> 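Shown below is the structure under consideration.
Here the structure is a predicted model, which is why all the values come from computation and not from measurement.
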Amino acid sequence: MSIPFRHSAAFGKRIEFYVVGLMLKDGLDVFLPLVDDDAIDAVIKRPDGRFVEVQIKARSKNVIFGDAALFAAMTHEPRKNYWFIFFSDRMDTMWIMSSQEFIAASQLNIEGKNAGKRSIWFNGKNTKANTEHVKPQFKKYVAKDFHRILNDDPDQKKLP
């Protein structure tokens with residue numbers, strides 16, 4: 001196992017625990033699977049008693065300029081009661097999307113080594129100011145808390 005992989009895997013696990021810690025701090029009932037073999041990092045019990053699954057994805061401060069919120073080569077099929085939490089460490093920003101929203105907003109790679117996988121790029125960049133910013137179409141997914149996971153039911157509405 002190479003050092004870069006170990007560092008990358010450790011970063012992802014640290015951010016998962018960071019986000020789970022935020023959930024616990026907000027009073028959510030969070031359950032953690034012992035094995036992540038079905039793209040589930042956490043299970044949340046909602047106030048209505050239903051359970052939802054959550055996948056947490058993170059980008060570190062050390063990625064190249066312009067890629068602070070690029071999440072690429074993701075395998076995903078639509079799932080009910082399933083949420084993504086995307087976190088950019090450098091931008092200190094979190095986006096929350098349902099499975100259905102992710103499918104609608106992400107790009108499907110048609111060819112190449114990642115054909116059939118999805119990518120989403122939440123940030124743009126200003127090379128003159130050397131800054132990264134949330135793209136306007138993704139501002140509605142920026143989250144400071146987890147109320148969407150607790151209260152929204154996106155599976156009940158159809159996206160265009």
Side-chain angles (χ1 to χ4, degrees), residues 1-44 46 52-76 79 81-109 112-114 117-152 154:
M1 189 178 320
S2 71
I3 298 300
F5 172 78
R6 286 179 48 100
H7 177 74
S8 173
F11 169 78
K13 187 54 77 176
R14 282 193 302 271
I15 294 301
E16 283 177 24
F17 283 125
Y18 171 74
V19 171
V20 167
L22 293 174
M23 291 176 182
L24 292 169
K25 187 177 175 188
D26 277 0
L28 276 69
D29 290 328
V30 182
F31 304 88
L32 302 179
L34 292 177
V35 179
D36 181 10
D37 61 357
D38 198 23
I40 301 168
D41 294 320
V43 176
I44 309 297
R46 293 168 44 124
V52 296
E53 301 163 339
V54 175
Q55 174 73 44
I56 301 167
K57 294 289 188 185
R59 292 291 281 177
S60 81
K61 292 180 179 181
N62 301 325
V63 297
I64 64 171
F65 174 70
D67 287 356
L70 169 61
F71 298 88
M74 295 174 56
T75 303
H76 182 70
R79 293 168 74 165
N81 299 315
Y82 191 87
W83 293 91
F84 283 99
I85 297 176
F86 297 96
F87 182 80
S88 169
D89 197 22
R90 184 163 60 220
M91 295 176 69
D92 192 26
T93 303
M94 178 172 64
W95 296 264
I96 295 179
M97 304 177 94
S98 69
S99 171
Q100 191 177 27
E101 291 166 334
F102 173 73
I103 295 290
S106 63
Q107 300 296 315
L108 181 63
N109 299 321
K113 68 178 185 177
N114 291 318
K117 296 184 179 180
R118 297 188 163 277
S119 301
I120 192 162
W121 206 337
F122 291 105
N123 75 285
K125 64 183 178 179
N126 181 325
T127 53
K128 286 185 180 181
N130 199 36
T131 58
E132 294 165 311
H133 58 273
V134 176
K135 289 179 181 175
Q137 68 267 34
F138 298 123
K139 287 183 178 182
K140 63 185 173 184
Y141 302 112
V142 172
K144 299 289 185 198
D145 60 33
F146 304 97
H147 76 273
R148 288 199 66 217
I149 292 174
L150 290 177
N151 301 309
D152 287 5

> Indicate yes or no for a side-chain donor-acceptor contact from N109 to the backbone of K117 under 3.5 Å, with no hydrogens or angles considered.
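At least one qualifying donor-acceptor pair exists.
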> Classify the angle between the aromatic ring planes of H76 and F84 as parallel (below 30°), tilted (30 to 60°) or perpendicular (above 60°).
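If you compare the ring of H76 with that of F84, the planes turn out perpendicular.
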> Can you tell me how far apart CD1 (I15) and NZ (K57) are? Round to the nearest 0.5 Å.
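Between atom CD1 of I15 and atom NZ of K57 there are 13.5 Å.
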> So does S88 get a backbone contact from the side chain of W95, meaning a donor-acceptor N/O pair under 3.5 Å?
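No; zero donor-acceptor contacts below 3.5 Å.
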> The test is side chain to side chain contact (heavy atoms under 4.5 Å, CB included); show your working for N81 and V52 and say whether it passes.
CA-CA 5 Å; N81 299 315; V52 296; 4.0 Å; yes
> Spell out, as yes or no, whether a donor-acceptor pair under 3.5 Å connects the side chain of R46 to the backbone of I149.
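Side chain of R46 to backbone of I149: a pair is present.
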> Go through the structure and list residues passing side-chain contact (heavy atoms from CB on, under 4.5 Å) with L150, not counting sequence neighbours.
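L150 satisfies side-chain contact (heavy atoms from CB on, under 4.5 Å) with L28, I44, P47 only.
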> Please determine whether a side-chain nitrogen of the Lys or Arg among D89 and R14 lies less than 4.0 Å from a carboxylate oxygen of the Asp or Glu.
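A salt bridge is absent here (no side-chain N lies under 4.0 Å from a carboxylate O).
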> Are the side chains of S106 and F71 in touch, meaning some heavy atoms are under 4.5 Å apart?
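They are not in contact (no side-chain heavy atoms under 4.5 Å apart), so the answer is no.
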> Should V142 and V134 count as side-chain neighbours, where that means a heavy-atom distance under 4.5 Å?
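A side-chain contact exists here, since the closest heavy-atom pair is under 4.5 Å.
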> So do the side chains of F122 and R59 get within less than 4.5 Å of each other, counting heavy atoms only?
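The answer is no, as the side chains (C-beta and beyond) never meet within the 4.5 Å cut-off.
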> Report yes or no: does N123 contribute a side-chain atom to a donor-acceptor pair with the main-chain N or O of G66 at less than 3.5 Å?
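Checked: pair present.
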> Where do K135 and W121 come nearest, in terms of heavy atoms and distance?
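Closest approach of K135 to W121: NZ-O, 3.2 Å.
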> If every non-hydrogen atom of Q55 is compared with every non-hydrogen atom of I40, which pair is closest and at what distance?
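Distance-wise, the nearest heavy atoms are OE1-N, 3.6 Å.
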> At what distance, to the nearest 0.5 angstrom, does NE2 of H133 lie from CZ of F138?
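Output value for this atom pair is 11.5 Å.
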> How about Y18 and F87: are their ring centroids closer than 6.0 Å?
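Here the rings of F87 and Y18 have centres that are less than 6.0 Å from each other.
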> Indicate yes or no: at least one non-hydrogen side-chain atom of I85 is less than 4.5 angstrom from one of M23.
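Side chain of I85 against side chain of M23, heavy atoms only: contact under 4.5 Å found.
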> I need the I120 CD1 to F102 CZ distance, nearest 0.5 Å.
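Here the rounded value is 6.0 Å.
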> State the CD1-NE2 distance between I96 and H147, to the nearest 0.5 angstrom.
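Spacing of CD1 (I96) from NE2 (H147) equals 8.0 Å.
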> If every non-hydrogen atom of F11 is compared with every non-hydrogen atom of S60, which pair is closest and at what distance?
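So the two residues come closest at CZ-CA, 3.3 Å.
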> Is any side-chain heavy atom of F146 closer than 4.5 Å to one of L22?
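Yes; the side chains approach each other to less than 4.5 Å.
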> Donor-acceptor pair, distance only, cut-off 3.5 Å: does the side chain of N114 make one with the backbone of A73?
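No, N114 side chain to A73 backbone: no donor-acceptor pair under 3.5 Å.
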> Does R118 have any salt bridge (Lys or Arg N to Asp or Glu O under 4.0 Å) partners at least two apart in sequence or in another chain, and if so, which?
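None.
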> Keeping the roles fixed (side chain from T93, backbone from M91), state whether a donor-acceptor pair exists under 3.5 Å.
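Such a contact is found between T93 side chain and M91 backbone.
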> More than 12 non-hydrogen atoms from neighbouring residues, nucleotides or ligands closer than 6.0 Å to CZ on F31, yes or no?
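For F31, atom CZ is crowded (more than 12 foreign heavy atoms under 6.0 Å).
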> Work out which heavy atom in I64 is nearest to a heavy atom in E132; give both atom names and the distance.
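Shortest heavy-atom separation between I64 and E132 comes out as O-OE2, 4.2 Å.
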> Between K140 and E101, does at least one N-O distance fall below 4.0 Å, as a salt bridge requires?
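No, K140 and E101 are not salt-bridged.
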> Tell me whether E53 contacts the main-chain N or O of Y82 through its side chain, where contact means a donor paired with an acceptor under 3.5 Å.
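No.
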> Short question: side chain of R79, backbone of S99 - any donor-acceptor pair under 3.5 Å?
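Looks like no, no N/O pair under 3.5 Å.
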> Given V30 and V54, is the side chain to side chain contact (heavy atoms under 4.5 Å, CB included) satisfied, shown in steps?
CA-CA 10 Å; V30 182; V54 175; over 6 Å; no
> Distance from L70 atom CG to F86 atom CZ, nearest 0.5 Å?
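Those atoms lie 11.0 Å apart.
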